[in-house]
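Here's the structure, in structure tokens; my notes come after.
Since we're looking at a predicted model, the values are computed, not measured. We use all heavy atoms of the structure for the numbers below, so side chains are in, but hydrogens, waters and symmetry mates are not.
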Amino acid sequence: MTIQTETKTYLNYINGEWKASDTGKTSDSFNPSNSQEILGSFQMSSANDLDEAVNAAKEAQKTWRKLSGAARGDFLFKVAAVLEEKTAYVAEAMTKEMGKTFAEAKGETARGIAILRYYAGEGMRPVGDVIPSSDSEALMFTNRTPLGVVGVITPWNFPVAIPIWKMAPALIYGNAVVLKPASDTAVTAARVVECFHEAGLPAGVLNMVTGSGSVIGQGLAEHPGVDGITFTGSNAVGKQIGRAALDRGIKYQLEMGGKNPVIVADDADLDLAVAATISGGLKSTGQKCTATSRVIVQQGVYEKFREKLLQKVAEITVGNGMEEGSWMGPVASKNQLENVLSYIEKGKAEGAELVHGGNRVTSNGLGDGYFIEPTVFDQVTAEMTIAREEIFGPVLALMKVETLEQAIELANDSEYGLSASIFTTNIGNMLEFINDMEAGLVRVNAESAGVELQAPFGGMKQSSSHSREQGRAAIEFFTSIKTIFIKK
Ligand SMILES: NC(=O)C1=CN([C@@H]2O[C@H](COP(=O)(O)OP(=O)(O)OC[C@H]3O[C@@H](n4cnc5c(N)ncnc54)[C@H](OP(=O)(O)O)[C@@H]3O)[C@@H](O)[C@H]2O)C=CC1
Ligand SMILES: O=C(O)CCC(=O)C(=O)O
């Protein structure tokens, strides 16, 4: 029996108003902890709805860009205050739509608030350089100009932090935004946008249109009124968006997958390495682009590390993220469930040794949810599918090496290069890893996930389009440099 805990139908947000789509069609948002439970429904929009949003953004941007950075920052401070008040309301939607535990969802919401405040402050920080001109009577300097209308396409795995870390810099630098959130977390996105509305953001500066990726997402990338597009999600879709943006000659930014390694050296603090492998690999049920996936361990500590890891993994409690005792929630959707289970089957078929988990969890009333046991494979080799493809689920692959050089070579043997960690107490090992690791984030004695909002974030190789998000790096994408020369 389907339980409707809330019957609210969430609307698009266009030109400062909540509007139903002209299609008249909606889709339901289901709880992955109990697929019989519907959290709400959202608009399945059309190209007309998108046109309306882009036109509103275009018009609003003309005035928005003329405000001072401080004035735009004031709006972001207000949004942060509203989101802070609504933390439980937003975090509850997140847990009920994509499954991460309520504690993690509240943590992510707090991160969203901190990001808003960081970029609010950015409105007051210096911009540009004065460059000596070869003409002694001239003044030459650079300034930054916004792109115009920015399309923001976001995934379901960080449904608050990712939209905010794209929208907040877009807005502070004077752009208007059209957001297309992931369908799996459209209700959470609507609750975030409510905060911008309540904070009194001028009409049209931020718009949200929900609906299918192929209609609204692709439509946004191809829309003649959109001047830049920022995306986080799968590689396949990212590449399509990149191609559409390139065809139109607009700026694009893609953050995509990872196959992130952790190296455990012979001299590592094993308890620390075990705790970080579990946190980095299994928090959020492994559904982070920065999640630890390959665990590369030097042979001298392999057995000991494996034993300690398995002991701790066995203590993990799987359950509904709204319940206190749950350490790990479900995966986000039926698609995710099927995908992760199929990778587990491939791991077994290709000869990896399943040493923990590997099954769907249906006991203790979890049968209607998409729960999977935390899973550990041993004897994983470089050519196996589970060592090469992004699984995006609670699966760790243990790989044994003799030397640190072999460990780094294996860690680099991936088409991805997002995040990588090493656990070692030897400064030489640390430096070798920092120098030779092909990843946008290299972390020493710390888990592979958990980026800091004030630092650049992005990957090498197939993990990104080689730009960086967050911190001051965001200005590079969301603005263009203008070089100004003034002669008296
Ligand atoms: N790097 C990361 O952080 C993430 C990686 N992934 C990886 O991708 C896999 C699939 O996840 P999934 O949610 O399907 O990721 P997608 O890349 O399909 O979705 C990400 C966003 O793109 C939209 N989208 C989908 N198709 C198109 C399209 N043709 N044109 C433009 N936008 C589109 C989606 O909308 P809609 O939701 O309506 O389909 C969503 O808003 C995961 O298993 C994981 O491996 C997924 C999410 C985040
Ligand atoms: O590790 C993090 O905090 C961020 C992860 C992320 O950006 C992602 O999964 O898309």
ring-ring contact (aromatic ring centres under 6.0 Å, His included) between F477 and W165, intermediate numbers included: CA-CA 12 Å; F477 178 71; W165 84 45; over 10 Å; no
Please report the C-alpha distance between V395 and Y343 in whole Å, then the side-chain angles of each, then the deciding distance to 0.1 Å, and finally whether the side-chain contact (heavy atoms from CB on, under 4.5 Å) criterion is met. CA-CA 9 Å; V395 181; Y343 275 114; 6.0 Å; no
Evaluation steps, side-chain contact (heavy atoms from CB on, under 4.5 Å), between F102 and K96: CA-CA 9 Å; F102 192 45; K96 290 187 171 173; over 6 Å; no
Verify side-chain contact (heavy atoms from CB on, under 4.5 Å) between N235 and Y416, making sure each step is shown before the conclusion. CA-CA 10 Å; N235 269 60; Y416 296 109; 3.5 Å; yes
With side-chain contact (heavy atoms from CB on, under 4.5 Å) as the criterion, how do D184 and M98 come out once you've worked through the C-alpha distance, each side chain's angles and the decisive distance to 0.1 Å? CA-CA 7 Å; D184 283 338; M98 59 72 67; 5.9 Å; no
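T232 and E255 share no donor-acceptor pair across their side chains, judged by distance under 3.5 Å alone. If you check the side chains of E122 and Y173, you find a donor sitting under 3.5 Å from an acceptor. Q454 and Y118 share no donor-acceptor pair across their side chains, judged by distance under 3.5 Å alone. Side chains of S45 and Q43: a donor-acceptor N/O pair is absent below 3.5 angstrom, by distance only. Between the side chains of E476 and S467, no donor N or O sits under 3.5 Å from an acceptor N or O.
Pairs engaging residues 263-275 under the salt bridge (charged side-chain N to carboxylate O under 4.0 Å, His left out) rule: D271-K308 [sequence neighbours left out]. Within the structure, every pair that satisfies the salt bridge (charged side-chain N to carboxylate O under 4.0 Å, His left out) test and touches residues 412-435, not counting sequence neighbours, is listed here: R388-D413.
Between atom CE of residue M208 and atom CG of residue N12 there is a gap of 6.0 Å, rounded to the nearest 0.5 Å. Taking NZ of K100 as the start and OG of S33 as the end, the distance is 13.5 Å to the nearest 0.5 Å. Taking CG of L39 as the reference point, atom OG1 of T95 lies at 10.5 Å (rounded to 0.5 Å). A distance of 12.5 Å separates CG in L366 from CD1 in I372, rounded to the nearest 0.5 Å. Summarising the geometry, atom OG1 belonging to T154 is positioned 7.5 Å from atom CD1 belonging to I162; distances are rounded to the nearest 0.5 Å. In this structure, OG on S363 lies 10.0 Å from CZ on F371, to the nearest 0.5 angstrom.
In this structure, E409 places its CD atom where only 12 or fewer heavy-atom neighbours from other residues, nucleotides or ligands lie under 6.0 Å away. Within 6.0 Å of CG on N435 lie more than 12 heavy atoms contributed by other residues, nucleotides or ligands. Within 6.0 Å of atom CD in E383, more than 12 heavy atoms from other residues, nucleotides or ligands are found, so the atom counts as buried in its surroundings. The environment of NZ in K312 is sparse: at most 12 heavy-atom neighbours from other residues, nucleotides or ligands sit within 6.0 Å. Heavy atoms from other residues, nucleotides or ligands lying under 6.0 Å from NZ of K304 number 12 at most.
A distance-only check finds no donor-acceptor pair linking the side chain of S284 to the backbone of G286 [under 3.5 Å]. Under the 3.5 Å distance criterion, the side-chain polar atoms of S35 are left unmatched by any main-chain donor or acceptor of N31. With N260 contributing its side chain and C289 its backbone, the two residues share a donor-acceptor pair below 3.5 Å. A donor-acceptor pair is defined here as one N or O able to donate and one able to accept, closer than 3.5 Å; no such pair exists between the side chain of T87 and the backbone of K106. For the pair Q406 (side chain) and E402 (backbone), a donor-acceptor distance under 3.5 Å is present. Checked by atom type and distance alone, the side chain of T375 pairs as donor or acceptor with a backbone atom of G358 at under 3.5 Å. In this structure, R294 contributes its side chain and I263 its backbone to no donor-acceptor pair below 3.5 Å. At distances below 3.5 Å, at least one donor-acceptor pair connects side-chain atoms of E373 with backbone N or O atoms of N359.
Side-chain contact between K239 and Q462 is present, with at least one heavy-atom pair separated by less than 4.5 Å. Considering only heavy atoms from C-beta on, K86 comes within 4.5 Å of C195 through its side chain. Side-chain contact between V226 and V178: absent, with no pair of heavy atoms (C-beta onward) separated by less than 4.5 Å. Using a 4.5 Å cut-off on side-chain heavy atoms (C-beta onward), M167 and F196 make contact. Contact annotation: the side chain of Q287 approaches that of V331 to within less than 4.5 Å [non-hydrogen atoms, C-beta and beyond]. Residues T101 and W327 are not in side-chain contact: their nearest non-hydrogen atoms beyond the backbone lie 4.5 Å or more apart. Counting heavy atoms from C-beta on, the side chains of D368 and F30 never come closer than 4.5 Å. Between E390 and S293 the shortest side-chain heavy-atom distance does not fall below 4.5 Å.
Among R111, K78, R117, the single residue meeting the salt bridge (Lys or Arg N to Asp or Glu O under 4.0 Å) criterion with E84 is R117.
Listed by chain and residue number, P456, R468 satisfy the side-chain contact (heavy atoms from CB on, under 4.5 Å) test with A473 (two or more places apart in sequence, or in another chain). A search for ring pair (Phe, Tyr, Trp, His ring centres under 6.0 Å) contacts involving F75 returns W64, not counting sequence neighbours. Residues that satisfy the salt bridge (charged side-chain N to carboxylate O under 4.0 Å, His left out) test with E469, not counting sequence neighbours, are K166.
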Counting only pairs under 3.5 Å, give me each side-chain donor-acceptor contact of residues 437-449, with atom names and distances, residues two or more places apart or in other chains.
from : atom 1 : to   : atom 2 : distance (Å)
E438 : OE1    : K461 : NZ     : 2.8
R443 : NE     : E447 : O      : 2.5
R443 : NH2    : E447 : O      : 3.4
N445 : OD1    : T424 : N      : 3.1
N445 : ND2    : T424 : O      : 3.0
E447 : OE1    : S279 : OG     : 2.5
S448 : OG     : T290 : O      : 2.7
S448 : OG     : T292 : N      : 3.1
S448 : OG     : T292 : OG1    : 2.7

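Look at K288 and E108 and you find no salt bridge, because none of the NZ, NE, NH1 or NH2 atoms lies under 4.0 Å from a carboxylate O.
Considering all non-hydrogen atoms of both residues, V380 and A352 come closest at CG2-CB, 4.1 Å. Across V295 and F305, no two heavy atoms sit closer than the pair CG1-CE2, 3.6 Å. Annotation for I229 and A245: closest pair CG2-CB, 4.0 Å, computed over non-hydrogen atoms. Here the shortest heavy-atom pairing between V340 and F392 reads CG2-O, 3.7 Å. Smallest separation of non-hydrogen atoms from G238 and L254: O-CD1, 3.3 Å. Nearest heavy atom pair, residue L398 against residue V376, reads CD1-CG1, 3.8 Å.
Annotation: cation-pi pair R191/F42 absent, no NZ/CZ under 6.0 Å from the ring centroid and within 45° of its normal. For the pair K180 and F231, the NZ or CZ position fails the cation-pi test of under 6.0 Å to the six-membered ring centre and within 45 degrees of the ring normal.
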